[in-house]
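Read through the structure below, which is laid out as structure tokens, and then see the notes.
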Amino acid sequence: MDFKLEHTASGSKARAGLITTDHGKIETPIFMPVGTAGSVKGVHVKELKDDIKAQIILGNTYHLYLRPGMDVMEAAGGLHKFNSWDKPILTDSGGFQVFSLGDIRKLTEEGVRFQSHIDGSYHMFSPENSMNIQRSIGADIIMAFDECTPGDADYDYAKKSLELTGRWLERCFNQLEITTPKYGHQQSLFPIVQGCVYPDLRTLAAQQVQQYNADGYAIGGLAVGEEIEVMYSMIEVVNAILPINKPRYLMGVGTPVNLLEAIDRGVDMFDCVMPTRNGRNGMLFTKKGIMNMRNKKWESDFTPVDPDGTSYVDHQYSRAYLRHLVISKEMLGAQIATIHNLAFYLWLVGEARQQIKNDSFKPWKEQMVKQLSTRL
RNA sequence: GGGAAGAUACCGAAGCGGUCAAACGGGGCAGACUGUAAAUCUGUUGGCUCAGCCUUCGUAGGUUCGAAUCCUGCUCUUCCCA
């Protein structure tokens, strides 16, 4: 994997870059649609490519390991073949599930023992088998197995958690060294910077991950309960230390405003369930603000879903029709909303990239931030 | 024509003398959702000059300190027998 830093915006730390993987190029800043179980929920590959213009999507180690399992995954020839997405893929390591599965898992030095949310069966994740599983899935970018520290963790816990993540990181790299890619293309491991809301821990973490000279670095453990301003300041702390010539991936973030604020602070890559999940739940993100399609106000609004939208669903269907579908729980409603939201997110980061290259990012961002949170 | 059961808030449906403006479900209205245990979850849903008051449990009366709950007439619905 290669990263070329193309341009840094004036008056901002925002960057435009180009990642090259064996499955193609990724223009940064980029948003990566989340496809947890091997599919971006409700969206065909054709729509993902032609309409949403996704350049890279996510998969999840935990979910794919449980189902369909690695036997099927390897027999399929890896996730690219299995889900027929031939562009870049990134897999999360299962680290987030260590956090989100909360009450049905047990954390030890070795790894995490957890119960399947599907059938309650017991399993163990460790840095080693997370790497092995991610080898079997075959994503272009794979993530370190970490503990995603809760946002409200006290200093002592956050410090111990960070140290554990550090020891796990070494084991991840060791495991990668003694294994090889299974499908003939390169896989890059991104370490994850933890440290919770404590600047000195974040600083330490950002310094320590660099010993591995990775192809890119991730900032994890944010947007997990802490104040949003705290998240921004942690990004600033970490990005001041991470190397400028490597992509920086802010995990799990966020709202359109979060994306622009993070881009402004030098983040290159994002993923978040928000456009897909909120879309399924009837919420649309647009350039002018947020629309809850369940609201009565759209009942007889026969104008296009989003006149400014870049996807065909924005112009093909009316707001009144979309509201009807959402209210009626028709699956098409969720699909339209998901396609719209993802297309909007991809437009947003694509436009940010253009504004960065034109040295007009800062004023554009200030203007956008004002309107993006408006409730329409 | 005879008999039986029943009529409860937007709908369905509990309640069967006071703690009932009335359980629960649906629908309606609104909110939440940030490396997906989520096409999920939460709140609210008679009115008002709102710690109180007013109107409401088919309808008209009655019993009672007190009725959605008991009694009588009426109207309507469903089922059974002719």
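By convention in this document, chain letters (A, B, ...) are assigned in the order of the sequence lines, proteins followed by strands, and residues within each chain are numbered from 1.
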Report yes if a side-chain nitrogen or oxygen of A/R280 is closer than 4.0 Å to either non-bridging phosphate oxygen (OP1 or OP2) of B/rA38; otherwise report no.
no
If you only use heavy atoms from C-beta on, which nucleotide in B/rA37, B/rU40, B/rG35 is closest to the side chain of A/L101?
B/rA37
B/rU36 phosphate, OP1 or OP2, under 4.0 Å from A/N60 side-chain N/O
yes
B/rU36, B/rU40, B/rG35: which one has an atom nearest the side-chain heavy atoms of A/M251?
B/rG35
Assigned partner base of B/rU78, Watson-Crick or wobble definition, under 3.5 Å
B/rA4
NA contact type, A/Q194, heavy-atom cut-off 4.0 Å: base, sugar-phosphate, or nothing?
base
What is the nucleic acid contact for A/D271, judged by heavy atoms within less than 4.0 Å: base, sugar-phosphate only, or nothing?
sugar-phosphate
Distance between the P atoms of B/rA9 and B/rA60, in whole angstroms?
15 Å
Taking B/rC71 as the reference, what is the distance to B/rA4 when you measure between their P atoms (whole Å, please)?
14 Å
Is there a donor on the side chain of A/T276 or the base of B/rU36 sitting less than 3.5 Å from an acceptor on the other?
yes
Taking the side chain of A/M331 as its heavy atoms from C-beta onward, which of B/rC29, B/rU36, B/rA39 lies nearest to it?
B/rA39
With no angle test and no hydrogens, is the base of B/rG28 tied to the side chain of A/R294 by a donor-acceptor pair under 3.5 Å?
no
Pick base, sugar-phosphate or nothing for A/R67, based on heavy-atom distances below 4.0 Å to the nucleic acid.
nothing
Pick base, sugar-phosphate or nothing for A/L90, based on heavy-atom distances below 4.0 Å to the nucleic acid.
nothing
Side chain A/N341, main chain A/F285, donor-acceptor under 3.5 Å:
yes
Are A/W298 and A/M291 side-chain neighbours, meaning at least one heavy-atom pair lies under 4.5 Å?
yes
Considering only B/rU34, B/rU36, B/rG35, which nucleotide approaches the side chain of A/A223 most closely?
B/rU34
Between A/K13 and A/D264, is there a side-chain heavy-atom distance shorter than 4.5 Å?
no
In the structure shown, which nucleotide is the Watson-Crick or G-U wobble counterpart of B/rC41, with both distances under 3.5 Å?
B/rG31
Length of the CG-P vector between A/N281 and B/rG43, whole Å
16 Å
Checking all strands, does A/S116 fall into the base, sugar-phosphate, or nothing category for heavy-atom contacts under 4.0 angstrom?
nothing
Looking at A/N292, does any N or O in its side chain come under 4.0 Å of the phosphate oxygens OP1/OP2 on B/rG31?
yes
Test your reading of the model: is there a side-chain donor-acceptor pair from A/S161 to the backbone of A/Y157, 3.5 Å cut-off?
no
Mind checking A/G42 for me? I need base, sugar-phosphate or nothing, with any heavy atom below 4.0 Å counting as a touch.
nothing
Between A/W85 and A/L48, is there a side-chain heavy-atom distance shorter than 4.5 Å?
yes
So if you build clusters from Ile, Leu, Val, Met, Phe, Trp, Tyr with side-chain heavy-atom gaps below 4.5 Å, do A/M368 and A/L376 land together?
yes
Of all the choices, B/rU34, B/rU40, B/rA38, which nucleotide is nearest to the side chain of A/H117 once you look at every atom?
B/rA38
Return the nearest nucleotide to the side chain of A/V273; candidates are B/rG35, B/rG31, B/rA32.
B/rG35
Examine B/rA37: is either OP1 or OP2 under 4.0 Å from a nitrogen or oxygen in the side chain of A/S100? Give yes or no.
yes
Mind checking who B/rU59 pairs with, Watson-Crick or G-U wobble, both distances under 3.5 Å?
B/rG73
Between A/N239 and A/R265, is there a donor-acceptor pair closer than 3.5 Å when you use the side chain of the first and the backbone of the second?
yes
Select base, sugar-phosphate, or nothing to describe what A/I228 touches, counting heavy atoms under 4.0 Å on all strands.
base
Between B/rG35, B/rU36, B/rU34, which one does the side chain of A/H63 approach most closely?
B/rU36
Spacing of the P atoms in B/rC24 and B/rG15 (rounded, Å):
15 Å
If you compare every side-chain N and O of A/Q97 against the phosphate oxygens of B/rG35 (OP1, OP2), does one of them come in below 4.0 Å?
no
Identify whether any heavy atom of A/N295 sits under 4.0 Å from a base atom; if not, whether one sits that close to sugar-phosphate; answer base, sugar-phosphate or nothing.
sugar-phosphate
